[in-house]
Amino acid sequence: MNNAAHIKHLYARAGFGIRFEDLHDHENWSINKSVRKLFKASEKQEPITVLTENIDLRAHPKDQTDEQKKMIQEDRNKQEKALNEAWMKQLSETDAQLQEKMTLFWHNHFACNIGNAYFEQQLNNIERENALGNFKTLLLQVSQSPAILQFLNNQQNQKNHPNENFARELMELFTLGRGHYTEQDIKESARAFTGWAYDGKTGDYTFRPKVHDDGEKTFLGKTGNFFGEDIIDIITANKQTATFISAKLYRYLVNEIPDYSHIDQMADVFYKANYEVKPLLEFVFHADWFYDDKNVGNLIKSPVELLVGLNRQFYINYQNPDVLLQFQRTLGQVLFRPPNVAGWPGGKNWIDSSSLMYRIKIPSTILNAGMIDFTGKADPEDEAYLASVRKQQLNVIKRVQATPDWDKFLKEIPADTSKTQMAEFMLEPKLNKTVTDGINNTTDIKTAVIQIVSTPEYQLC
């Protein structure tokens, strides 16, 4: 790999890709300078504040009519759409790529799906604020967020009537992973988290001492009158937590197939840094193995990464943002709506025969200003796609255009750029004959670009 290829790979993993003019400007930068600039750009990221009202705190009549219930649900739906749109916009336009890429990682790590967009916004901002900070701080703030307390039922966790849901997921999904604790550890941990709740009138975290179990507890071999904070301290004192997070980050940033020698190196750095995320990421981005051929162009983009990458590269303007929400639904990843507490499984799970067809058609649909362009007669697969598009009401993009700024995009491309060079820039995997033959048969650079983003290789980063 030459230096430009290293930088292109870095931005594909630490962000959502790099624009042509930026790669040209940065191609002589060292990796050290590139990593430093990525962190610098993420120092001043703003929170999302599109929602100002918590609908749950409204004074609701005791005997609501069906019409009143319907109106409240409509307001909830509007808030949900507004929050989704706000984050997609931020992902697509921010200079703080690394911050948002890691916020997306924590969004899936602390998967949460509740009917309260205001609480979801609050949780999202906690994840953003701590995305590159300290994991222990992030873990504590997430654990005390109304969204997680509600989603994992800790609001109902009381002395003599413990609810073990939060305690279980804290260890299984957030920190240690399966096999590193016992059922008794879950029970004892749940007792320590009794009394952790949020105030129904203000929506703020509160500790309720009257329902807290203040008896002695034995957890992971330690005994004491533990509170929730003590449990988190004990969990993070166990290096297995550093290993678990490092392994998950490795799959997110490097390769879906784990290399345990590299993961152990990451865990060492993370643990010794007292769970500071920045030193861990700096270690990964400077590691020689991060740039090995086997770790380049091998990860399947999540639907959000695919859409955001297109938006950033082509400056796409959606007059009807509902289109983006519909694309998320069709591809299987709606922000703030993970399938379950374990989040989206990711990797090869993003792809099946149906979703691959959508993925390959959607970029050309967007770049052709919302029109699906077929040359000649549509084959049976295309016919099936078109029928499904109509069924999913995706034909809304024929009426309300998703408009790329081709002039701005093409202005960044030097006039002497060949189609092969264009493909090498836009695709992460090495070019193969199928790709080069396809683009060499096109008549102009714009058509070639649409051909490039319609290849299976464009699905990889």
Side-chain angles (χ1 to χ4, degrees), residues 46-60 72-73 75-84 86-87 103-104 106-131 133-159 161-175 189-213 227-229 231-232 235 334-343:
E46 295 298 317
I48 289 176
T49 56
V50 66
L51 305 181
T52 57
E53 184 202 9
N54 185 347
I55 292 174
D56 281 1
L57 301 186
R58 283 182 187 173
H60 299 301
I72 290 170
Q73 188 55 50
D75 285 347
R76 289 187 193 282
N77 294 342
K78 285 177 186 175
Q79 281 201 340
E80 190 177 316
K81 285 170 64 175
L83 182 58
N84 186 295
W87 195 15
T103 303
L104 193 60
W106 297 122
H107 178 67
N108 193 40
H109 183 73
F110 297 111
C112 180
N113 187 343
I114 56 173
N116 186 315
Y118 184 85
F119 283 162
E120 292 272 17
Q121 176 181 269
Q122 191 180 61
L123 176 61
N124 186 248
N125 284 327
I126 289 170
E127 291 160 350
R128 178 173 295 101
E129 183 182 351
N130 297 284
N134 186 277
F135 174 70
K136 289 199 289 188
T137 303
L138 171 62
L139 180 62
L140 179 62
Q141 290 187 16
V142 165
S143 299
Q144 293 181 340
S145 69
I148 289 292
L149 290 169
Q150 179 179 322
F151 186 50
L152 297 181
N153 312 112
N154 211 74
Q155 198 78 342
Q156 290 81 47
N157 187 17
Q158 300 180 12
K159 182 179 181 179
H161 299 284
N163 185 302
E164 298 173 3
N165 200 12
F166 171 75
R168 182 182 303 277
E169 308 309 354
L170 172 68
M171 288 184 280
E172 180 181 330
L173 299 174
F174 297 168
T175 56
S189 172
R191 290 176 57 212
F193 283 106
T194 51
W196 279 39
Y198 64 90
D199 190 307
K201 293 180 180 177
T202 65
D204 298 328
Y205 169 76
T206 185
F207 177 68
R208 299 185 295 192
K210 290 183 179 179
V211 296
H212 173 68
D213 184 337
F227 289 76
E229 293 88 345
I231 298 297
I232 287 174
I235 286 173
V334 179
L335 292 174
F336 304 102
R337 286 287 170 265
N340 51 53
V341 68

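Position 1 is the first residue of the sequence; numbering continues from there. From a predicted model like this one, the values you see are computed outputs, not experimental measurements.
One N or O on the side chain of N157 and one on the backbone of A190 form a donor-acceptor pair closer than 3.5 Å. Between the side chain of R76 and the main chain of G115, a donor-acceptor pair closer than 3.5 Å is present. Q121 contributes a side-chain N or O that, together with a main-chain N or O of V50, makes up a donor-acceptor pair within less than 3.5 Å.
In terms of the side-chain hydrogen bond (donor to acceptor under 3.5 Å, both in side chains) criterion, D199 has no residue partners (sequence neighbours excluded). For Q158, the side-chain hydrogen bond (donor to acceptor under 3.5 Å, both in side chains) criterion is met by no residue, not counting sequence neighbours. For Q155, the side-chain contact (heavy atoms from CB on, under 4.5 Å) test picks out A197, Y198, with sequence neighbours left out. By the side-chain hydrogen bond (donor to acceptor under 3.5 Å, both in side chains) test, E229 is found to be paired with no residue, residues two or more places apart in sequence or in another chain being considered. When the salt bridge (charged side-chain N to carboxylate O under 4.0 Å, His left out) test is applied to K78, no partner is found at least two apart in sequence or on another chain. R191 pairs by the side-chain contact (heavy atoms from CB on, under 4.5 Å) definition with E188, D213, K217, not counting sequence neighbours. For the side-chain contact (heavy atoms from CB on, under 4.5 Å) test, residues two or more places apart in sequence or in another chain that qualify with N165 are L152, N153, N163, E169. Taking the side-chain hydrogen bond (donor to acceptor under 3.5 Å, both in side chains) definition, one finds that N116 meets it with N54, D56, sequence neighbours left out. Residues forming a ring pair (Phe, Tyr, Trp, His ring centres under 6.0 Å) with F166 (at least two apart in sequence, or on another chain): F193. Checked against side-chain contact (heavy atoms from CB on, under 4.5 Å), A131 has the following partners two or more places apart in sequence or in another chain: Q99, M102, T103, W106.
A distance of 7.0 Å separates CG of N124 from NE2 of H107, quoted to the nearest 0.5 Å. Expressed to the nearest 0.5 Å, how far CG of L139 lies from OG1 of T175 amounts to 6.5 Å.
With salt bridges taken as basic N to acidic carboxylate O contacts below 4.0 Å, none links R168 and E172.
Scanning all heavy atoms of the two residues, the minimum distance from I231 to S189 falls at CG2-OG, 3.6 Å.
Between E53 and D75 there is no side-chain heavy-atom pair separated by less than 4.5 Å.
Under the salt bridge (charged side-chain N to carboxylate O under 4.0 Å, His left out) criterion, the residue pairs touching residues 116-125 are E120-R337, with sequence neighbours excluded.
Side-chain contact check for N77 and Q73: at least one donor-acceptor pair (N or O, by modelled atom type) lies under 3.5 Å.
A distance of 6.0 Å or more separates the ring centres of W196 and F227.
Taking the six-membered ring for Trp and thresholds of 30 and 60 degrees, H109 and F135 have ring planes more than 60 degrees apart, a perpendicular arrangement.
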